2 protein chains.
Amino acid sequence: MPLSREKIAATAIRLADAHGLDGLSLRKIAKELGVGPMRLYDYVGNKSELLDLMVDVVYARIAEVGQRDGWRATVLAIAHATREAALDHEWFSDLLGGRPHLGPHALAVGEATAAGLSAAPGVRDIDDLQRAVGALNAFIIGAVRREVTERRTTRSTGTDEAAFQASLGPYLTRMLKTGRYPTVARLVIDGAHLNAEETFKHNLTTVLDGITSQSRT
Amino acid sequence: MPLSREKIAATAIRLADAHGLDGLSLRKIAKELGVGPMRLYDYVGNKSELLDLMVDVVYARIAEVGQRDGWRATVLAIAHATREAALDHEWFSDLLGGRPHLGPHALAVGEATAAGLSAAPGVRDIDDLQRAVGALNAFIIGAVRREVTERRTTRSTGTDEAAFQASLGPYLTRMLKTGRYPTVARLVIDGAHLNAEETFKHNLTTVLDGITSQSRT
DNA sequence: GTATCTGTGGATACACCGTACGCTAGTGAG
DNA sequence: CTCACTAGCGTACGGTGTATCCACAGATAC
């Protein structure tokens, strides 16, 4: 059985997609590949390195969005591709931002993002660019993390109102009845369940508008 | 030895502060408290519940910022308190956003944030509020996660330029020499190391400005 | 006083994890 | 043929979360 980093990573991704990071172990990967667990160490130094490799494989997909017409379209495309990738590989959102991502594809995505933002109005010098990259990446990391968490919660509590009421609902209902959280109550009770993709897009635009309207502080 | 959830959580927080979440185990907590590990299960259902409890203890501290004059000052204070808490308890940034945080203190912080934002210009109805809360929380989660990651990286690679050059630097230098990442290279080589607190504040302002300048879409 | 029951808490065990290390078999060179 | 090296597997170690059982002490009933 010939092995390679790519093959190990692909198997790991498949297992993580199916079972999450908690369900991913080197033994399981090895078993899936029909080899002994220690074989994997010929190709990856340790589990952490394997996780980094998996992240970079996902970044390879994000990097495929390519150049768009104009900085804004480019940055938007990258952000949306990141979100799509995280929804397809939910474990990615658990890892995103948790370590420096320096694989070749992560660097390529970082380059495309930074190059795009460097052309944005409001970004006048290297400091501006650093702040803008930071703001955008912070938003993306946080937004996909929250969205994946919400999907997982919905999945584990049921996808309809009745199932929610049966599990998390009683506790939350009891807390909201205290009257201590009126705005949260309004959000939970009255809040339409906004379309996630449109929310992401809207808030991404909010952040970009904030970046482009920045005056020198 | 009388136990309580509070005592267990406080011990867990102390251990996690010292050793990170990877260095936290129920056995170690139990040992620190001088009891058998299974004793903890009289007070917390499982490890996951303990982590949620720890998160809510940190939120109790964030909730202490109290009301400020005006929505903006309130929201800024909460965001800064969240960052401070995450810097004091770095494991908090690993958990933030990864599960719904519904403890009483987390709800209190959520309430203060939402109530503040509901008074912001640009937030006209419940949908606007939901999007604004989402954008702000996404930013905060992402920003503290990135900042803590950067601190950890700096700590593990050394705090000066020579140590960085000795560890991560060779790989990154080699990658940047390829010429494939010119903007990233500029950021790494020319980029001043911006003050983290000021960057957070600046970018937080950017997001809030984006929120308040939103026209109906 | 003795016997029995109940509750508390520790000990043991299980299934699993990442990774160190040793051993064996096969292959190639001399 | 013998020896050395390499590839790969098996075993082991120290650790994890959590299930389960047992012993002991105290309380209660007779």
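Below, read A as the first sequence line, B as the second, and so on, with proteins coming before strands; counting in each chain starts at 1. Treat the numbers as computed from the prediction; the structure is a model and nothing was measured.
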Shortest side-chain distance from B:Ser25, nucleotide among C:dG18, D:dG17, D:dG8: D:dG17
Rounding to a whole Å, what distance do you find between B:Leu50:CG and D:dG17:C1'? 12 Å
Could you check how far CG of B:Leu15 sits from P of D:dT16, rounded to whole Å? 11 Å
B:Met38 CE to D:dA23 P, in whole Å, measures 18 Å
Has the side chain of A:Arg27 got a donor or acceptor that lies under 3.5 Å from a partner of the other kind on the base of C:dG18? yes
Please state how far atom OH in A:Tyr41 lies from atom C1' in D:dG8, giving the value in whole angstrom units. 15 Å
Could you tell me how far apart B:Leu51 (CG) and D:dT18 (C1') are, to the nearest whole angstrom? 15 Å
Check B:Asp42 with B:Arg39, please: is the shortest side-chain N to carboxylate O separation under 4.0 Å? yes
Is the closest basic N to carboxylate O distance between A:Asp128 and A:Arg131 below 4.0 Å? yes
Measure up the A:His101 and A:Tyr59 rings against each other and bin them: parallel (under 30°), tilted (30 to 60°), perpendicular (over 60°). tilted
Kindly determine whether B:Glu111 and A:Thr183 satisfy side chain to side chain donor-acceptor pair (under 3.5 Å), including the steps that lead there. CA-CA 6 Å; B:Glu111 173 63 28; A:Thr183 317; 2.8 Å; yes
In whole angstroms, the gap separating C1' of D:dG14 from NZ of B:Lys28 amounts to 11 Å
If I take atom CG in residue B:Leu26 and atom P in nucleotide C:dG9, what distance separates them, rounded to the nearest angstrom? 17 Å
Listed nucleotide nearest any side-chain atom of A:Pro37, set D:dT16, C:dT19, D:dT18: C:dT19
Interatomic distance, A:Lys47 NZ vs C:dA20 P [rounded to whole Å]: 15 Å
